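A quick write-up on the structure given underneath.
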Amino acid sequence: MPELPEVESLRRQLAPYVRGAEIDRVVIRRSGLRRPFPADLAARLTGATVRQLTRRAKYLLAELASDDTLVVHLGMSGWFRIEPAEHPERPHDHVVLLLSNGRAVVFNDPRRFGVIDLVASGEAGRYGPLASLSPEPLSAAFDAAWLARACARSRRAIKVALLDQRVVAGLGNIYASEALHVARLSPRLAASALATRTGRPRPAAHRLAAAVKTVLTRAIDRQRRKARAPRFRVYDREGERCLRPRCTGTIRRVTQAGRSTFYCPVCQRR
């Protein structure tokens with residue numbers, strides 16, 4: 001599933017094409033994906049101008065001049081591409097927005113786990129999953145104090161807690177493993193260990209908050225540069241040596257809450 005860096009990279013790719021463009025026509029080839037599309041989706045989008053394209057966690061938000069906001073979650077396999085208005089249809093092209101600038105924005109989703117919805121712009125912040133998200137992890141509001149408060153009473157392992165979008169918005173399985181490695185924290189550490197009894201952040205919370213920001217920032221930059229260097233420090237590297245200098249560990253994989261966790265047992269002991 002695309003995580004925050006992939007969604008942010010896609011937003012940056014799409015924004016120059018859609019910002020300020022009017023949606024001339026909407027082609028919808030199925031009734032819905034993970035759940036049905038709004039019945040009036042095409043009618044409300046047609047003729048609307050895109051004011052701006054933003055991101056919240058793993059969601060893309062297209063704010064329209066009609067005071068509606070198009071809300072998109074990519075799901076497991078969803079993606080947008082930009083095409084000329086006249087273009088060949090590909091398998092799994094479910095929604096096409098034909099723009100006034102001669103471009104087509106095509107949503108393709110083989111597994112059909114994505115979500116496309118439309119809400120009044122004033123209600124976007126209170127829309128379903130968006131209402132309970134943590135602060136954006138790359139914002140100043142996300143820090144060690146936030147992590148400590150969010151995890152203080154949690155009985156879950158820290159890796160499992162990090163996948164909760166109310167704890168770290170936009171973080172998924174890949175970058176949770178990566179952030180724990182950067183912070184030198186065991187994925188099995190109790191999430192509550194990030195806070196003191198009075199709720200203040202321990203040193204581990206400071207390390208982890210900084211690591212989340214570092215991992216996400218690097219991943220976004222790597223996407224921008226289309227770098228070919230190895231993407232991950234631990235994720236999907238079971239049996240390979242740890243990349244931390246002077247560490248002699250070998251990456252292991254365990255299952256936590258039904259998801260694979262990759263870590264180094266030598267430098268992530270705590």
Side-chain angles (χ1 to χ4, degrees), residues 1 3-5 7-8 54-59 125-221 232-235 242-247 249 251-270:
M1 177 185 293
E3 299 184 28
L4 185 154
V7 179
E8 176 61 20
T54 61
R55 178 195 53 75
R56 180 73 172 101
K58 301 177 186 179
Y59 287 81
R126 296 184 289 276
Y127 168 79
L130 300 183
S132 59
L133 292 173
S134 84
E136 280 291 308
L138 295 179
S139 72
F142 180 87
D143 57 11
W146 165 264
L147 268 182
R149 288 196 302 272
C151 295
R153 297 182 180 180
S154 177
R155 297 181 179 180
R156 299 172 292 182
I158 186 59
K159 164 64 187 323
V160 178
L162 290 179
L163 299 182
D164 186 338
Q165 299 298 287
R166 296 168 297 181
V167 176
V168 189
L171 201 68
N173 200 44
I174 294 173
Y175 297 110
S177 288
E178 295 290 289
L180 288 169
H181 185 257
V182 171
R184 298 184 181 227
L185 293 177
S186 168
R188 295 189 175 97
L189 177 72
S192 58
L194 297 184
T196 66
R197 290 184 178 180
T198 59
R200 295 179 61 83
R202 295 184 185 274
H206 289 277
R207 298 206 311 272
L208 184 55
V212 167
K213 292 177 184 287
T214 295
V215 163
L216 294 178
T217 299
R218 287 176 178 172
I220 292 170
D221 184 61
F232 305 125
R233 299 164 62 99
V234 291
Y235 184 80
C242 179
L243 297 179
R244 192 184 302 282
R246 295 182 295 280
C247 181
I251 304 304
R252 291 183 185 173
R253 180 179 69 85
V254 296
T255 300
Q256 293 179 291
R259 309 293 298 277
S260 291
T261 294
F262 298 86
Y263 74 108
C264 173
V266 173
C267 63
Q268 291 179 256
R269 291 180 180 176
R270 190 194 186 288

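Bear in mind the structure is a predicted one, so any value in this text is a computation, not a measurement. Any value given below was found using the heavy atoms of this structure, including those in side chains, with hydrogens, waters and symmetry copies removed.
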_Single hit among R188, Q268, R253 for side chain to side chain donor-acceptor pair (under 3.5 Å) with Y263_ = R188
*Report yes if the side chains of E178 and V182 come closer than 4.5 Å at any heavy-atom pair, otherwise no.*
no
_Keeping R202 on the side-chain end and A195 on the backbone end, is there a donor-acceptor pair under 3.5 Å?_
yes
*To the nearest 0.5 Å, how far apart are NZ in K213 and OG in S139?*
5.5 Å
*Heavy-atom pair with the smallest gap, counting every atom of N173 and S260*: ND2-O, 2.9 Å
*Is it true that a side-chain atom of Q256 and a backbone atom of A157 form a donor plus acceptor pair closer than 3.5 Å?*
no
*May I ask you to decide if P129's main-chain N or O and Q165's side chain share a donor-acceptor pair within less than 3.5 Å?*
no
*Just how far is it from atom CG of L162 to atom OG of S134, taken to the nearest 0.5 Å?*
10.5 Å
*Taking atom OG1 of T261 and atom OH of Y235, what is their separation to the nearest 0.5 Å?*
9.5 Å
_Between V212 and F142, is the side chain to side chain contact (heavy atoms under 4.5 Å, CB included) condition met? List the steps._
CA-CA 10 Å; V212 167; F142 180 87; 4.1 Å; yes
*Looking at R252 and P265, what are the two nearest heavy atoms and their distance?*
NE-CG, 3.5 Å
*Looking only at non-hydrogen atoms, find the nearest pair between R233 and R244 and report the distance.*
NH2-NH1, 3.8 Å
*Write down the atom of C151, the atom of V167, and the distance for their closest heavy-atom approach.*
SG-CG1, 4.0 Å
_Once salt bridge (Lys or Arg N to Asp or Glu O under 4.0 Å) is applied, do any residues pair with R166, and if so which ones, sequence neighbours excluded?_
D164
_E8 vs L216, test: side chain to side chain contact (heavy atoms under 4.5 Å, CB included). Steps then yes/no._
CA-CA 10 Å; E8 176 61 20; L216 294 178; over 6 Å; no
*Can you name the closest pair of heavy atoms from L133 and A57 and give their distance?*
CD1-CB, 3.7 Å
_Does S177 form a side chain to side chain contact (heavy atoms under 4.5 Å, CB included) with K159? I'd like the steps, not just the answer._
CA-CA 7 Å; S177 288; K159 164 64 187 323; 4.0 Å; yes
_Pairwise distance CZ(R259) to CG(L163) - rounded to 0.5 angstrom_ = 6.0 Å
*L171 vs L4, side chain to side chain contact (heavy atoms under 4.5 Å, CB included): CA-CA, chis, key distance, verdict*: CA-CA 6 Å; L171 201 68; L4 185 154; over 6 Å; no
*Are S154 and R156 linked by a side-chain donor-acceptor pair shorter than 3.5 Å?*
yes
*Minimum heavy-atom separation for V234 to F262, with atom names?*
O-CB, 3.2 Å
*Working to the nearest 0.5 Å, report the span between NE2 of H206 and CG of D143.*
8.5 Å
*Can we say E136 and R56 salt-bridge, meaning some charged N sits less than 4.0 Å from an Asp/Glu carboxylate O?*
yes
*Look up atom CG in L208 and atom CG in L189, then write down how far apart they are to the nearest 0.5 Å.*
9.0 Å
